[in-house]
Chemist: 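Attaching a single structure in structure tokens format; questions to follow.
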Amino acid sequence: MENYLDSLNPAQRAAVEYCDGPQLVIAGAGSGKTRVLTMKIAYLLQHGYEPSDIIALTFTKKAATEMQNRIQELVGAGRARRLWMGTFHSLFSRILRREAERIGFPHDFTIYDQQDSRNLVKAIIKEMGLDDKQYKPNSIQAIISNAKNNLVTPSMYMANRELIMYDQQARRPRTSEIYVNYWNRCQQAGAMDFDDLLLYTNILFRDHPDVLQFYQDYFKYVLVDEYQDTNRAQHMIVEQLSRQHRHLCVVGDDAQSIYSFRGANIRNILDLSKQIPDIKIFKLEQNYRSTQNIVDAANSLISKNREQIRKTIFSQKERGSLLRLSGSYSDLEEAYQVAQRIEALHKQEGFHYADCAVLYRTNAQSRTLEEALRKRGIEYRIFGGLSFYQRKEIKDVLAYLRLIINPADEESFKRVVNYPARGIGDTTVGKLVEAMRTTGTNLFEVCSDPVGHSVAVNRGTEKKLTDFAQMIRHFQELNQTLNAYELTSRVVIESCIKADLAGDTSIEAKSRRENVEELLTAIQTFVISGAEEGNEHTQLVDFLADVSLSGDVEPNEDENTNHDYVAMMTIHQAKGLEFQNVFIVGIEEDLLPSDMSIDEPNGVEEERRLFYVAITRAEQNCFLSYARSRFRNGQSKACRPSRFLKDIDQRFVQTLSSPTSSYGDGGFSTGGGTFGESRTVGTFSNSYRPEPQRPAEQPRRSVLDLNHPRKVATRPTDALSHETSITFGGHLLEKGTRIVHDRFGKGTITDLSGTADNARINVHFDTMGDKTLLLKFAKFTLDK
DNA sequence: TAGGATAACTTTTTT
DNA sequence: AGTTATCCTA
């Protein structure tokens with residue numbers, strides 16, 4: 001602890017020791033950013049600051065947890081715990097709860113996740129009688145989110161000519177009204193969405209100078225991680241909080257700004273030195289993570305971006321292996337190759353599976369990879385996808401809990417009022433909503449006394465409604481005496497959720513039951529750890545607050561759990577992580593860069609940064625791959641290698657294999673290697689040796705006419721007679737004929753059978769093994 | 001109103 | 001491909 005500063009290089013040390021005013025630390029990939037932040041906090045604690053004086057903001061819960069753990073090691077758990085450390089969303093929701101009544105919210109307001117918020121937007125569009133083709137809920141939600149991230153309230157939106165004009169041109173003139181209604185409905189429901197947490201913090205500070213004054217004074221030191229990912233709302237919070245003491249430490253890397261879709265504004269970091277002229281800039285340029293080849297390759301890529309803070313990232317590690325690029329015919333084959341290489345790394349080079357990560361642009365890509373790994377018996381774990389708390393059965397239980405805490409919560413009410421089924425259908429709920437809108441109360445009030453709110457329902461329905469309200473009230477009473485775990489157990493039983501799931505014999509229902517059990521376990525764990533920290537009576541409200549902002553639960557791991565698995569995740573999720581071996585797959589046009597990004601301003605630059613982030617995750621080996629065809633949205637589509645592959649200086653790349661295209665070529669040529677060679681690649685040479693360029697693709701091959709297979713045989717179709725040859729589409733097929741298949745790549749025909757529509761061939765594919773193809777459907781061409 | 005069957009749509013990334 | 005929305009029937 002005494003000499004921990006000695007472990008830092010001069011640049012890092014300078015950044016840690018400078019505490020005289022605002023500072024900006026530009027921290028290149030792998031430059032020890034987290035280390036500097038944690039050391040700095042330890043340094044501050046050693047120099048007279050109390051833990052509670054310090055607020056340290058991160059973007060992900062994972063980052064917060066990691067930093068918390070590292071600081072615990074330096075200063076002990078007791079002190080570390082008293083730091084204000086966490087995500088923007090979680091820390092400011094805490095402050096908002098404390099100050100809730102100042103901005104007209106109950107202190108136990110609900111937090112709407114994006115699904116809740118989309119449902120509400122959708123409901124409002126419907127209620128307004130608008131066409132949801134014109135007013136797409138997703139787009140409207142994005143517009144509202146964007147407005148909030150830029151601190152534009154509904155009234156400001158209404159008053160903004162530019163926005164209104166834009167909406168008119170986009171043929172959705174009533175967007176601003178939807179925003180107003182959405183805003184009011186959230187308020188009525190006592191609910192905030194993710195963006196509200198930041199926006200209302202700003203509103204709180206704006207409308208209550210005494211509150212701002214208090215926190216400005218309270219936080220003596222403000223630290224922010226990943227500043228390149230802040231949006232305007234976050235930027236303003238930081239700016240205001242640090243205005244008084246001016247002890248601000250902002251860390252970030254403009255080259256790794258990848259969250260603009262969430263409102264992040266790279267200008268926040270690029271322009272910071274203009275906004276705060278006396279801000280002191282520190283640059284961490286030495287990369288401790290990756291080999292020189294990896295760093296150089298990444299640098300050459302990112303240099304193609306226009307706007308960035310100048311810096312020279314370098315590595316003093318060994319030169320290392322070149323990046324290895326391989327192309328394949330299809331996503332299937334790509335996955336196969338990745339699995340094959342991981343196995344080679346494991347068996348031949350002694351790497352653990354846990355040293356390997358497969359990174360992709362979209363979650364949907366994980367399926368194919370998953371299958372390939374499973375076939376080889378390689379352990380893997382997929383991160384992300386839909387989190388535990390987003391599963392239907394979990395959201396159902398949570399909705400009950402949320403409703404108990406905050407009966408005004410509209411989305412939770414709608415979710416469970418008829419689950420399990422109790423005869424309260426859409427029609428009735430529609431009437432309740434109507435009454436809610438006219439009387440200005442919330443759904444639960446209306447439900448408790450439908451007739452009093454002049455809802456036209458019959459006796460039976462009225463009873464169903466009041467019974468439901470009564471049940472929720474009963475749970476509220478239980479919540480006074482029971483802890484969160486005990487209460488939830490009762491809720492699951494008395495709401496009949498348990499019975500409903502038990503009555504379902506399907507396989508999925510079994511896993512739902514297990515998930516509900518797991519939720520109960522998670523709650524109990526929460527209660528127990530709460531007790532350990534001195535909270536005798538852990539409240540349900542605490543659990544819910546925790547859940548809604550905490551991406552996912554860690555699966556319970558004991559000593560029986562296997563820890564040696566390949567990590568599979570999106571590139572976004574990989575940020576901040578590092579692996580010995582990184583596989584970046586699907587480096588194709590329309591995927592990386594994503595086709596969604598291409599017409600966005602600066603969209604392609606952001607995608608390039610994303611690729612940069614992916615490459616810089618690798619310590620030793622970085623494998624790049626693309627496929628020529630890929631299943632997307634249910635059908636196979638031709639793909640071209642990404643433009644970004646050309647952005648990397650080819651001196652740092654070795655081409656392992658590239659498929660000869662069975663489609664027209666996209667004009668990309670890396671040369672080198674035939675498909676057949678790819679199976680022999682198992683050793684990884686460390687030589688620094690650019691591949692010689694070879695002539696590009698061979699001419700286009702003819703494709704059999706798939707829609708109109710010609711009848712070739714005239715004999716009656718005797719079942720699967722063996723044939724020595726079959727003519728098909730004007731070509732002669734016989735044993736030994738080489739073919740190129742759309743998805744399986746190259747192979748040799750080993751057997752032929754059947755005739756006419758029933759004709760089929762057995763093929764041994766070079767990498768994909770033996771397959772039987774029905775000629776009528778198979779998509780292949782002759783090789784040569 | 002419930003539940004099944006068909007149609008439609010989706011897909012960028014996450015707090 | 002897979003999920004979700006909508007429609008239709010009982």
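Every chain is numbered from 1, with letters handed out A, B, ... down the list of sequences. Keep in mind it's a predicted model, so treat the numbers as computed, not measured.
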Chemist: Both K464(A) and R632(A) contact DNA chain B. Taking the nearest nucleotide for each, which residue is further toward the 5' end?
Modeler: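 Nearest nucleotide further toward 5': that of K464(A).
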
Chemist: K575(A) NZ to dT15(B) P: how many Å, rounded?
Modeler: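 Computing the K575(A):NZ to dT15(B):P distance gives 11 Å.
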
Chemist: Quickly work out the Q141(A) CD to dT10(B) P distance and round it to whole Å.
Modeler: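 After rounding, the reported distance stands at 14 Å.
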
Chemist: Could you check G423(A) against T570(A) and say which one's nearest nucleotide on DNA chain B is further toward the 5' end?
Modeler: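 Whichever sits nearer the 5' end wins; that is G423(A).
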
Chemist: For nucleotides 1-10 of chain C, give me one character per nucleotide, 5' to 3': B if any protein heavy atom sits under 4.0 Å from the base, S if the only such contacts are to the sugar-phosphate, - if neither.
Modeler: BS--S-----

Chemist: When you measure from the side chain of A421(A), which nucleotide among dT13(B), dG3(B), dT11(B) comes out closest?
Modeler: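 From the listed options, dG3(B) comes nearest.
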
Chemist: Give the rounded distance in Å between these two atoms: OH of Y389(A) and C1' of dT14(B).
Modeler: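 Taking OH of Y389(A) and C1' of dT14(B), I get 17 Å after rounding.
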
Chemist: Is there aromatic stacking of F261(A) on dT13(B) here, judged by a ring-centre distance under 5.5 Å and a plane angle under 30°?
Modeler: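 The base of dT13(B) is stacked with F261(A) (centres under 5.5 Å, planes under 30°).
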
Chemist: Please determine which of I144(A), I125(A), I140(A) meets the side chain to side chain contact (heavy atoms under 4.5 Å, CB included) test together with Y182(A).
Modeler: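 Considering I144(A), I125(A), I140(A), a side chain to side chain contact (heavy atoms under 4.5 Å, CB included) with Y182(A) is found only for I144(A).
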
Chemist: Between S90(A) and dT15(B), is there a side-chain N or O to OP1/OP2 distance below 4.0 Å?
Modeler: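 Answer is no, no contact under 4.0 Å.
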
Chemist: Is R402(A) salt-bridged to D409(A), cutoff N-O under 4.0 Å?
Modeler: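 Counted as a salt bridge, because a side-chain N and a carboxylate O are separated by less than 4.0 Å.
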
Chemist: Will you find, in the side chains of Q240(A) and N202(A), an N or O donor that is under 3.5 Å from an N or O acceptor?
Modeler: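 Indeed, the side chains of Q240(A) and N202(A) share at least one donor-acceptor pair under 3.5 Å.
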
Chemist: Counting the atoms with a prime plus P, OP1 and OP2 as sugar-phosphate, which does F88(A) contact under 4.0 Å by heavy atoms, base, sugar-phosphate, or nothing?
Modeler: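 The residue F88(A) makes no contact with any strand.
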
Chemist: When the distance from CZ of F59(A) to P of dT13(B) is rounded to whole Å, what number comes out?
Modeler: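 Result: 19 Å.
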
Chemist: Check the distance between dT11(B)'s P and L592(A)'s CG and give it to me in whole angstrom.
Modeler: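 Interatomic distance, CG of L592(A) to P of dT11(B): 19 Å.
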
Chemist: State whether T428(A) places a side-chain N or O below 4.0 Å from either non-bridging phosphate oxygen (OP1 or OP2) of dT1(B).
Modeler: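 Indeed, a polar side-chain atom of T428(A) lies that close.
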
Chemist: Without decimals, in angstroms, what is the distance between D116(A) CG and dT15(B) P?
Modeler: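 Value for this atom pair: 16 Å.
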
Chemist: Is there side-chain contact between C447(A) and F468(A), with heavy atoms separated by less than 4.5 Å?
Modeler: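 With C-beta onward as the side chain, the pair touches.
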
Chemist: Calculate the interatomic distance between N138(A) atom CG and dT11(B) atom P; express it in whole Å.
Modeler: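 Between P of dT11(B) and CG of N138(A): 6 Å.
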
Chemist: When you check the phosphate oxygens OP1 and OP2 of dT13(B), does a side-chain N or O of Q573(A) lie under 4.0 Å from one of them?
Modeler: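 Q573(A) to dT13(B) OP1/OP2: no side-chain N or O under 4.0 Å.
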
Chemist: Sequence neighbours left out, what passes side-chain hydrogen bond (donor to acceptor under 3.5 Å, both in side chains) with R70(A)? Give chain and number order.
Modeler: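 Here the qualifying residues are E66(A).
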
Chemist: Is the distance from OP1 or OP2 of dT1(B) to the nearest side-chain N or O of N418(A) less than 4.0 Å?
Modeler: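 No.
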
Chemist: Is the positively charged end of K304(A) above the ring of Y612(A), judged by distance under 6.0 angstrom from the centroid and angle within 45° of the axis?
Modeler: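 No - K304(A) does not lie over the ring of Y612(A) by the 6.0 Å and 45° rule.
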
Chemist: Looking at D647(A) and R643(A), does any basic side-chain N land under 4.0 Å from a carboxylate oxygen?
Modeler: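 No, this pair does not count.
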
Chemist: Nearest whole angstrom, please: distance from the P of dT15(B) to the CD of E226(A).
Modeler: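 Taking CD of E226(A) and P of dT15(B), I get 12 Å after rounding.
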
Chemist: Would K148(A) and D196(A) pass as an ion pair if we require N to O under 4.0 Å?
Modeler: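 Yes.
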
Chemist: Answer yes or no: does a side-chain N or O of T427(A) lie under 4.0 Å from OP1 or OP2 of dT1(B)?
Modeler: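 Yes, within the criterion.
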
